[in-house]
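One structure is given here, and the rest of the page talks about it.
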There are 2 protein chains.
Amino acid sequence: MRIGEVAAAAGVSPRALRYYEEQGLLTSQRHASGQRHYGQDAVQRVRWIQALYAAGLSSKSITGLVGCVHTGVATDAMRAQLAAERERIDTQIRDLTHTRDRLDAIIAAADDPDRMRASSGCEL
Amino acid sequence: MRIGEVAAAAGVSPRALRYYEEQGLLTSQRHASGQRHYGQDAVQRVRWIQALYAAGLSSKSITGLVGCVHTGVATDAMRAQLAAERERIDTQIRDLTHTRDRLDAIIAAADDPDRMRASSGCEL
DNA sequence: CTAAAACCTGACGTTGGCGTCAAGGGCAAG
DNA sequence: CTTGCCCTTGACGCCAACGTCAGGTTTTAG
C-alpha cells in the first residue's frame with residue numbers, strides 16, 4: 001500500500017504518517033524511487049498509535065512501547081513504563097467519569113426549570 | 001482571598017487564574033489598588049474549569065457552560081452544547097477504556113515470557 | 001505521449017494553555 | 001523606614017502534532 005491509501009484507510013493525513021516515521025513510530029519499505037510502501041498491518045498500527053496519542057501519551061512514550069512489542073523483549077524499564085501509563089489512563093478514566101456525571105447533573109437541572117432556579121450557582 | 005491563596009488551594013498557578021479571567025471563565029473583585037479578590041467558591045470553580053480542560057473542552061466551550069450556569073438560564077443552544085460535550089466525553093471514556101484493556105493484554109504478555117514470544121507483533 | 005494525480009524533501013506556520021521574564025506598585029513586620 | 005514578599009500589566013517563549021506551501025520527481029489514466 002502507498003502512503004495515501006494507508007492514510008485514507010486509517011483516517012489520518014499522509015503528513016501524519018511521515019511524521020510518525022520521523023518519530024520512529026512507523027517504518028516503511030522504500031521503493032527505488034524513494035516512495036514509501038506499507039504492509040496491510042500498517043493501518044492497524046496507525047490506529048493504535050492514534051489511540052495512544054488520544055490517551056495522552058507522548059511520541060517518546062509511544063516509541064518505547066512500539067520498540068518493546070516490536071522486538072518481543074520487555075525490559076524492566078519497559079514493564080514499569082507500561083504499568084505507569086496504564087495507571088495514568090485508569091486515573092484519567094475515573095476523572096472523566098466524574099466530570100461526565102457532574103455534567104449530567106447540570107443537564108438535568110437545565111432540563112428542569114424549577115431545579116435550574118433552585119440550583120443557581122450549584123456547581124460553578 | 002488573594003490570587004496566590006486561591007491558586008495554591010486549587011493547585012494551579014496565579015498565571016493560570018489571570019488567564020482564566022482573560023478568557024472570561026473567572027471573575028474577580030478588584031481592590032482599590034487593582035489587586036484581585038476572590039470568594040471561597042472560586043477554588044471549586046477553578047477545579048471545575050480544570051476538570052473541563054482535562055475533558056478536552058476548549059476555553060470557548062467552557063465559557064458557554066459557565067455563562068449558562070451563572071445566569072441560571074439555559075437556552076436551547078446551551079442545552080445542545082451540554083449534550084454534545086457530554087456525548088464527546090462519554091465516547092472518550094469508552095475509547096480510553098478500550099485502550100487500557102489492550103494495554104492490559106500487552107502487559108500480561110510482557111509479564112509472561114512464553115506469551116511474549118508467542119504474541120510477537122500481536123497488537124502492534 | 002501527455003496531463004493529472006500522487007509522491008518526495010525541506011522548511012516555516014498554527015494553536016492552546018499556560019511559563020517566564022521585565023519593570024514597577026503596595027503593604028505588614030521588625 | 002525598609003526589607004521582602006505578593007501583586008499588577010505586558011509581552012515574548014514553549015511544545016507537540018501536525019498543516020501548509022514551495023519546488024521538484026514519479027506514477028498512472030486516458
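Order of the sequence lines fixes the chain letters, A, B, ..., with proteins taken first and strands second; residue numbering starts at 1 for each chain.
As rounded to whole Å, 7 Å separates atom C1' of D/dC7 from atom CZ of B/R2. In this structure, CD of A/Q35 is placed 7 Å from C1' of D/dT27, rounded to the nearest angstrom.
Although no hydrogens or angles enter the test, the distance criterion places no donor-acceptor pair under 3.5 Å between the side chain of B/H37 and the main chain of B/R30. Although no hydrogens or angles enter the test, the distance criterion places no donor-acceptor pair under 3.5 Å between the side chain of A/R2 and the main chain of A/R36. In terms of modelled atom types and a separation under 3.5 Å, the side chain of A/S61 and the main chain of A/L57 share no donor-acceptor contact.
For CD of B/E22, the number of neighbouring non-hydrogen atoms (other residues, nucleotides, ligands) closer than 6.0 Å is greater than 12. With a 6.0 Å radius and a threshold of 12 heavy atoms from other residues, nucleotides or ligands, A/Q40 has its CD atom at or below the threshold.
Within a heavy-atom distance below 4.0 Å of DNA chain D, no residue of residues 85-97 of chain A is found. Contacts between residues 15-33 of chain A and DNA chain D, defined by a heavy-atom separation below 4.0 Å, involve A/R15, A/A16, A/Y19, A/Y20, A/H31, A/S33, listed by number.
Taking A/R88 as the reference, A/E85 meet the side-chain hydrogen bond (donor to acceptor under 3.5 Å, both in side chains) condition, with sequence neighbours excluded. Take A/Y53 and apply the ring-ring contact (aromatic ring centres under 6.0 Å, His included) test, not counting sequence neighbours, and it matches A/Y20. For B/D101, there are no salt bridge (charged side-chain N to carboxylate O under 4.0 Å, His left out) partners, not counting sequence neighbours.
Summarising the geometry, atom CD1 belonging to B/I93 is positioned 10.0 Å from atom CD belonging to A/Q92; distances are rounded to the nearest 0.5 Å.
Running 5' to 3' along DNA chain C, contacts with non-hydrogen atoms of chain B at under 4.0 Å begin and end at C/dG17 to C/dT20.
In summary, the side chains of A/E21 and A/T27 do not present any donor paired with an acceptor at a separation below 3.5 Å, with no hydrogens or angles considered.
Between D/dA17 and A/S59, a contact under 4.0 Å exists linking OP1 or OP2 to a side-chain N or O. For B/R36, no side-chain nitrogen or oxygen approaches OP1 or OP2 of D/dC7 to under 4.0 Å.
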